[in-house]
**Student:** 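The following block contains the structure, expressed as structure tokens.
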Amino acid sequence: MPELPEVETVANGVHERTHGQTIRAVWTSNKPQTFKTPPDQIIETLTNSRIERVHRVGKTIVMDVIRNKKPAQFLIHLGMSGRLLVSDPKVPVPAHTHGILTLSGGREIRFVDPRRFGRLSIAESTYEGPGKEPLTISLKDFIALFRNRKTPIKAALLNQSLLHGVGNIYADESLFRAGIRPRRQAGRLTHADLGRLRTALIDVLKHAIKLGGSSVSDYVDAEGIAGFFQLHHNVYSRTGEPCRVCKTAIERIVVGGRSTHFCPHCQK
DNA sequence: CTGAATACCTGACGGC
DNA sequence: TGCCGTCAGGTATTCA
């Protein structure tokens, strides 16, 4: 499901509804692929801990907890289909639920993930993610990321060890706003190109966060509410539809193994 | 090291 | 109705 704006929306929603509460009990499924840290250790670390803060790093939701005065972090990566929901225990537990945290306030945090591309793990203290934050990176650092890269700019934007948090929707949308073709070699973009791309990316991410993210199939926030940024997509999933700027039909190609959408007239 | 291909999962949708 | 192919917001691993 989720890229930076969706993950941020979920993290903020879970934070508002749960921070300061104590985790009374933890349940997990037994699907090994879901757990980067063994379930026993997750249960041990989280049971009787207090939730200090829930926030986002890249596409990962980070829950800061304290147990016996010792800090730890619970990391939730939603993969393609993961949801993190704050629910009343009376609401039936959805299919494909892999984790439940029972809270002192009477509600539960549920991790639901049909495709099981999501991952749960424990970190010691300061998780920093694999790359740089798109919302705060300087222009100088942004330009340096792509220097000498032969891969298409679209693929470079999706590389989480460069920038973390950008996924398929916002890669396509930011390249449209910057007027750059997805297959251009990253290392051959001019400083002007990269300046426009950084601005476009930050603008599109911030706009999407304001609208609660994009709900393409079934993404919802912590309370089960859909986002609305999909109504503002210029190219993503608009194959064959007229460009909102020039009316040329939006094209779909495959770049870096991912479906890629662009306007052949507006993007050079 | 970089970059490309593949594997990992379930479910929705369209065509026949 | 139902069966089959295709596609989906991601990333770890493997191979050249």
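None of the values given here were measured: they were computed from a predicted structure. Naming: A, B, ... by sequence-line order, numbering from 1 per chain.
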**Student:** CG of A:Leu4 versus P of C:dT11: gap in Å, rounded?
**Tutor:** 11 Å
**Student:** Shortest non-hydrogen contact from A:Glu251 to A:Pro264?
**Tutor:** OE2-CG, 3.5 Å
**Student:** Could you say whether the aromatic ring of A:Phe117 and the base of C:dT11 stack, counting only centre distances under 5.5 Å and plane angles under 30°?
**Tutor:** no
**Student:** Using purine N1 to pyrimidine N3 plus N6-O4 or O6-N4 for Watson-Crick, or N1-O2 and O6-N3 for G-U wobble, both under 3.5 Å, which nucleotide pairs with B:dT2?
**Tutor:** C:dA16
**Student:** When you measure from the side chain of A:Arg115, which nucleotide among B:dA4, C:dA8, C:dT11 comes out closest?
**Tutor:** C:dA8
**Student:** For A:Arg110 and A:His98, indicate whether the former's side chain and the latter's backbone hold a donor-acceptor pair under 3.5 Å.
**Tutor:** no
**Student:** Between B:dT10, B:dG3, C:dG10, which nucleotide has the shortest distance from any of its atoms to the side chain of A:Lys150?
**Tutor:** B:dG3
**Student:** If we ignore hydrogens and angles and just use 3.5 Å, is the side chain of A:Thr37 paired with the main-chain N or O of A:Ile122 as donor and acceptor?
**Tutor:** yes
**Student:** How many Å lie between CZ on A:Arg258 and C1' on B:dA5, as a whole number?
**Tutor:** 14 Å
**Student:** Atom CD of A:Glu3 and atom C1' of C:dG10: how far apart are they, to the nearest Å?
**Tutor:** 10 Å
**Student:** From B:dG3, B:dT10, C:dA8, pick the nucleotide closest to the side chain of A:Ser259?
**Tutor:** C:dA8
**Student:** Once you round it to whole Å, what is the distance between C1' of C:dT13 and CZ of A:Arg119?
**Tutor:** 12 Å
**Student:** For a quick test of reading the model: is some side-chain N or O of A:Ser81 closer than 4.0 Å to OP1 or OP2 of C:dG10?
**Tutor:** no
**Student:** When you look at CD of A:Glu241, are more than 12 heavy atoms from neighbouring residues, nucleotides or ligands closer to it than 6.0 Å?
**Tutor:** yes
**Student:** Given B:dG11, C:dT11, B:dC9, which nucleotide is nearest the side-chain atoms of A:Gln160?
**Tutor:** C:dT11
**Student:** Could you work out which one of B:dT2, C:dA8, C:dG10 sits closest to the side chain of A:His77?
**Tutor:** C:dG10
**Student:** Both A:Gln33 and A:Ala95 contact DNA chain B. Taking the nearest nucleotide for each, which residue is further toward the 5' end?
**Tutor:** A:Gln33
**Student:** Counting only side-chain heavy atoms from C-beta out, which of B:dC8, B:dT10, C:dG10 sits nearest to A:Arg116?
**Tutor:** B:dT10
**Student:** What integer distance in Å separates A:His98:NE2 from B:dC8:C1'?
**Tutor:** 13 Å
**Student:** Regarding A:Glu133 and A:Arg56, does a basic nitrogen lie under 4.0 Å from an acidic carboxylate oxygen?
**Tutor:** yes
**Student:** Given B:dG11, B:dC9, C:dG10, which nucleotide is nearest the side-chain atoms of A:Asn168?
**Tutor:** C:dG10
**Student:** Nearest of B:dT10, C:dG10, C:dA8 to any side-chain atom of A:Arg252?
**Tutor:** C:dA8
**Student:** Mind checking the C1' distance from B:dA12 to C:dT11? Whole angstroms is fine.
**Tutor:** 23 Å
**Student:** Using purine N1 to pyrimidine N3 plus N6-O4 or O6-N4 for Watson-Crick, or N1-O2 and O6-N3 for G-U wobble, both under 3.5 Å, which nucleotide pairs with C:dG10?
**Tutor:** B:dC8
**Student:** Please state how far atom CG in A:Leu158 lies from atom P in C:dG10, giving the value in whole angstrom units.
**Tutor:** 7 Å
**Student:** What is the distance, to the nearest angstrom, from the CD atom on A:Gln230 to the P atom on C:dA8?
**Tutor:** 17 Å
**Student:** Could you state the atom-to-atom distance from CG of A:Asp113 to C1' of B:dC9 in whole Å?
**Tutor:** 9 Å
**Student:** Does A:Arg149 put a side-chain nitrogen or oxygen below 4.0 Å from OP1 or OP2 of B:dT2?
**Tutor:** yes
**Student:** C:dT11, C:dA8, B:dC9: which one has an atom nearest the side-chain heavy atoms of A:Tyr236?
**Tutor:** C:dA8
**Student:** I need the minimum non-hydrogen distance between A:Pro39 and A:Thr28, along with the two atoms involved.
**Tutor:** CB-OG1, 3.5 Å
**Student:** For A:Gly167, report the nucleic acid contact type (base, sugar-phosphate, nothing); a contact means any heavy atom under 4.0 Å.
**Tutor:** sugar-phosphate
**Student:** So, is A:His164 close to the C:dT11 phosphate, meaning a side-chain N or O under 4.0 Å from OP1 or OP2?
**Tutor:** no
